[in-house]
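Notes follow the structure.
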2 protein chains.
Amino acid sequence: MASASTIFIAVIGAGGVGKCFLTQLRDLAVRRPSPKLSLCYIATSRKALYNDDYSAINLDNVIDILAASSKAPPTLTDLVAYLSKAPGKAIIVDNTSSQDVAETYPAALKAGVSIVTPNKKAFSGSYQLWQDIFRASAASGAKVYHESSVGAGLPVISTLKDLVETGDEVTKIEGVFSGTMSFLFNSFAPLTGSGGKWSEEVKKAKALGYTEPDPRDDLNGLDVARKLTILARLAGLPVESPTSFPVESLIPKELESCSSGDEFLEKLPSFDQQMEEKKASAGHKVIRFVGSIDVGAKDVKVGLQTFDPSHPIAALKGSDNIISFYTKRYGSNPLIVQGAGAGGDVTAMGVTADLIKVIGQLA
Amino acid sequence: MASASTIFIAVIGAGGVGKCFLTQLRDLAVRRPSPKLSLCYIATSRKALYNDDYSAINLDNVIDILAASSKAPPTLTDLVAYLSKAPGKAIIVDNTSSQDVAETYPAALKAGVSIVTPNKKAFSGSYQLWQDIFRASAASGAKVYHESSVGAGLPVISTLKDLVETGDEVTKIEGVFSGTMSFLFNSFAPLTGSGGKWSEEVKKAKALGYTEPDPRDDLNGLDVARKLTILARLAGLPVESPTSFPVESLIPKELESCSSGDEFLEKLPSFDQQMEEKKASAGHKVIRFVGSIDVGAKDVKVGLQTFDPSHPIAALKGSDNIISFYTKRYGSNPLIVQGAGAGGDVTAMGVTADLIKVIGQLA
């Protein structure tokens with residue numbers, strides 16, 4: 001049984017980000033002995049590991065012990081009940097992309113359990129859920145941090161919150177919010193040279209692991225729309241959902257009904273000419289897949305736009321993200337954040353940094 | 001007499017940044033009624049305003065009331081004693097660039113008074129003072145935040161702290177850390193076109209208010225060296241002082257002894273040829289005044305370097321700063337933060353954002 005100054009941590013999810021996070025948590029617990037960080041719960045969608053007396057799970061070999069566990073995960077309601085009775089403050093670290101887990105946040109927060117997560121679903125779903133989450137947090141004092149829901153570990157959410165909370169007026173947010181889209185357009189329509197065929201670049205991106213198993217899950221623009229929904233809401237716009245504003249899909253209408261990603265990739269070359277024409281119509285500019293929020297005009301949109309070669313968005317490299325904040329205080333030159341916006345280690349870094357901030361406020 | 005849940009704020013300095021901060025503090029106190037923020041002390045180097053019962057000073061016309069005050073500021077030791085007896089947690093917001101105020105931080109922190117400041121002096125002076133400050137903070141739990149000591153309101157210190165605290169390995173930090181130097185080189189050696197004469201650009205920068213009253217205070221590189229000292233220490237290097245590593249001064253030796261900034265500007269044109277030669281020797285690259293920290297090699301330096309036109313440092317505009325963090329997790333493409341790194345409003349924004357973070361941990 002741990003002392004009252006212990007912080008109890010429950011982790012849901014042990015995939016790519018989850019595994020990186022567990023390593024970072026293990027190292028963090030060693031580097032910062034006070035307050036004591038105790039992993040009291042870990043679960044995947046099929047297995048769980050926890051002790052009724054809240055005693056700590058060994059972080060050195062947690063993945064192995066979890067694999068050997070025969071316990072099924074309790075319901076999320078039971079998990080919240082378990083954590084609300086912990087002999088100290090508790091935090092759920094949700095490293096899934098599950099809608100079900102996201103919908104538990106209001107109940108968890110109401111029960112005084114804080115949330116740290118890279119899961120976009122809670123913040124980009126219905127506006128009602130967004131309101132329920134932040135009202136529950138305000139009422140109980142439990143914290144909810146989600147830096148890695150946009151741009152992974154890049155300081156995007158924290159920067160926007162600082163701008164808003166210190167009273168700056170954010171006028172526009174613009175950027176490349178998808179590592180996949182960044183890689184595709186930096187290769188297909190590079191700043192110098194002519195670039196490859198569209199269908200070839202999509203295949204290459206998939207082979208390099210830069211796309212979802214079915215590349216249409218990147219090309220439909222929904223991932224970017226979710227991120228824009230989060231930023232727009234933080235900037236003060238009550239965006240109803242990620243489908244309530246214009247989102248350009250790069251999936252040809254004729255290929256929407258393909259039964260698999262493989263069939264899609266096989267048929268994609270016959271649409272290369274369409275993309276070539278779009279590239280050519282940009283003239284001396286370059287096309288990029290961007291999201292933008294015009295706060296004053298309440299205009300949120302996701303899709304292709306053209307940029308002058310001297311624009312920072314045109315000069316992006318690899319699969320980097322770039323986010324520009326235009327504000328009253330910063331004037332005509334925006335505050336820009338740029339770098340890798342995907343990957344297990346950097347996503348987990350945003351989660352761990354959030355955890356440190358929450359601990360600082362709970363301890 | 002205020003209640004125990006009030007946070008007591010003492011502001012030192014009411015110059016450019018100080019005035020902007022007071023406006024932001026007034027608005028913040030209205031937007032965030034809980035915990036109550038109470039300005040209990042304000043002082044310049046000549047005047048002070050405070051009440052023995054810690055009752056709040058009206059933020060709506062604080063500058064006018066301060067001007068009308070006949071009280072001289074107490075000693076800093078007396079100020080710390082006053083704040084340590086406040087009926088609630090107290091925070092000093094130091095909006096000066098005073099070494100004397102900076103040297104009070106350890107005593108204030110020891111007494112449980114937190115510090116928020118853009119003042120570089122405390123963090124870039126002797127390494128002993130740095131250690132005294134962070135040891136006092138660790139011992140008492142009082143906080144010390146100084147985002148605006150590097151890059152004004154840009155998320156530079158917070159990003160570096162997040163990288164280090166989550167266990168990333170920072171390998172290199174590189175950037176343009178001076179708005180003045182940024183403006184001078186973006187005009188003198190632009191990416192396209194030939195640029196103006198060096199002495200003319202310095203005069204123009206002064207006329208636009210981009211330099212200190214004596215431009216030599218920018219051209220000697222010490223301001224950049226101070227910022228590098230802070231970042232290097234946060235990255236783990238025990239840099240002794242801002243003069244303990246190579247700093248290139250752009251003041252010709254012959255003009256160091258000029259008795260005034262005006263005399264300096266008058267004689268500067270005869271050294272234009274020297275700068276022209278430096279510009280020409282860069283070939284197809286461009287020269288920029290940068291600071292860099294190679295963490296592994298423990299190599300910190302400030303001075304002129306050349307950059308390929310495709311490098312983000314070469315594409316900088318106006319008086320913007322750019323800071324690139326190279327780390328193990330981010331690999332070959334760094335995490336980049338860019339934007340205005342000077343100015344009253346954005347510097348005050350960093351101070352206010354820090355204040356909000358400290359309040360979150362004290363309340």
Side-chain angles (χ1 to χ4, degrees), chain A residues 20 23-24 26-28 31-32 141 143 147 153-156 158-159 161-163 165-168 191-192 310-312 315-320 322 324-325 327-340 343-346 348-357 360-363, chain B residues 20 23-24 26-28 31-32 141 143 147 153-156 158-159 161-163 165-168 191-192 310-312 315-320 322 324-325 327-340 343-346 348-357 360-363:
Chain A
C20 291
T23 304
Q24 292 182 18
R26 180 196 65 196
D27 297 346
L28 180 71
R31 277 199 311 278
R32 290 172 66 118
K143 308 297 171 191
E147 182 61 81
L154 296 176
V156 176
S158 53
T159 297
K161 279 172 74 176
D162 281 353
L163 289 167
E165 288 180 357
T166 62
D168 201 355
L191 201 48
T192 53
S310 70
H311 195 287
L316 213 57
K317 281 176 188 148
S319 59
D320 276 4
I322 183 168
S324 300
F325 297 99
T327 81
K328 196 174 164 197
R329 287 187 197 136
Y330 278 90
S332 55
N333 284 5
L335 189 171
I336 299 176
V337 175
Q338 182 180 331
D345 262 336
V346 294
M349 175 214 150
V351 177
T352 305
D354 277 352
L355 181 68
I356 293 171
K357 284 163 198 161
Q361 292 175 77
L362 297 182
Chain B
C20 291
T23 304
Q24 292 182 18
R26 180 196 64 196
D27 297 346
L28 181 70
R31 278 199 311 277
R32 291 172 65 118
K143 309 297 171 192
E147 182 61 82
L154 297 176
V156 176
S158 54
T159 297
K161 279 172 74 177
D162 281 352
L163 290 166
E165 288 180 357
T166 63
D168 200 355
L191 202 48
T192 52
S310 70
H311 195 286
L316 213 57
K317 281 175 187 147
S319 59
D320 276 4
I322 184 168
S324 299
F325 297 99
T327 80
K328 196 174 164 196
R329 288 189 196 135
Y330 278 89
S332 56
N333 284 5
L335 188 172
I336 299 176
V337 175
Q338 183 179 332
D345 263 335
V346 295
M349 175 216 150
V351 177
T352 305
D354 277 352
L355 181 68
I356 293 170
K357 284 163 198 161
Q361 293 175 75
L362 297 183

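Letters A, B, ... are given to chains in the order of the sequence lines, protein chains preceding strands, and every chain is numbered from 1. Atom set for the values below is all heavy atoms of this structure, side chains included, hydrogens, waters and symmetry mates excluded.
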Per-residue contact mode, [X] against chain A (heavy atom under 4.5 angstrom):
{"X": "B:Arg329", "value": "both"}
{"X": "B:Ile356", "value": "side chain"}
{"X": "B:Asp345", "value": "both"}
{"X": "B:Ala340", "value": "both"}
{"X": "B:Leu362", "value": "neither"}

Problem set entry | Selection from A:Thr192, A:Ile336, A:Ile322 maximising heavy-atom pairs under 4.5 Å formed with chain B |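 Counting heavy-atom pairs under 4.5 Å, the top option is A:Ile336.
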- If you tally heavy-atom pairs under 4.5 Å against chain B, which of A:Gly339, A:Gly153, A:Gly360 wins?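 Maximum pair count with chain B is reached by A:Gly360.
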Sequence neighbours excluded, the answer for side chain to side chain donor-acceptor pair (under 3.5 Å) partners of A:Asp168 is A:Thr327
- prompt: Is the closest side-chain heavy-atom distance between A:Leu154 and B:Tyr330 below 4.5 Å?
  reply: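 The answer is yes; the side chains approach within 4.5 Å.
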Exercise for review: Please tell me if the side chains of B:Leu335 and A:Pro155 come closer than 4.5 Å, counting only heavy atoms from C-beta onward.
Suggested key: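 With C-beta onward as the side chain, the pair touches.
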When rounded to the nearest 0.5 Å, the distance separating CD of A:Gln24 from CD of B:Glu165 is 12.5 Å
Looking only at B:Val346, B:Val337, B:Val351, most heavy-atom pairs under 4.5 Å shared with chain A are made by B:Val346
Q | Largest heavy-atom contact set with chain A, pairs under 4.5 Å, which of B:Asp354, B:Asp320, B:Leu355 | A |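 With the most close heavy-atom pairs to chain A, the winner is B:Asp320.
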Next item on the list: Might you point out which heavy atoms bring B:Ala353 and A:Thr166 nearest each other, and give the distance in Å?
Entry: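 That would be N-CG2, 3.5 Å.
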* To do: Using salt bridge (charged side-chain N to carboxylate O under 4.0 Å, His left out) as the criterion, list what pairs up with B:Lys357, not counting sequence neighbours.
  =>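 If we apply the salt bridge (charged side-chain N to carboxylate O under 4.0 Å, His left out) test to B:Lys357, skipping adjacent residues, the hits are A:Asp162.
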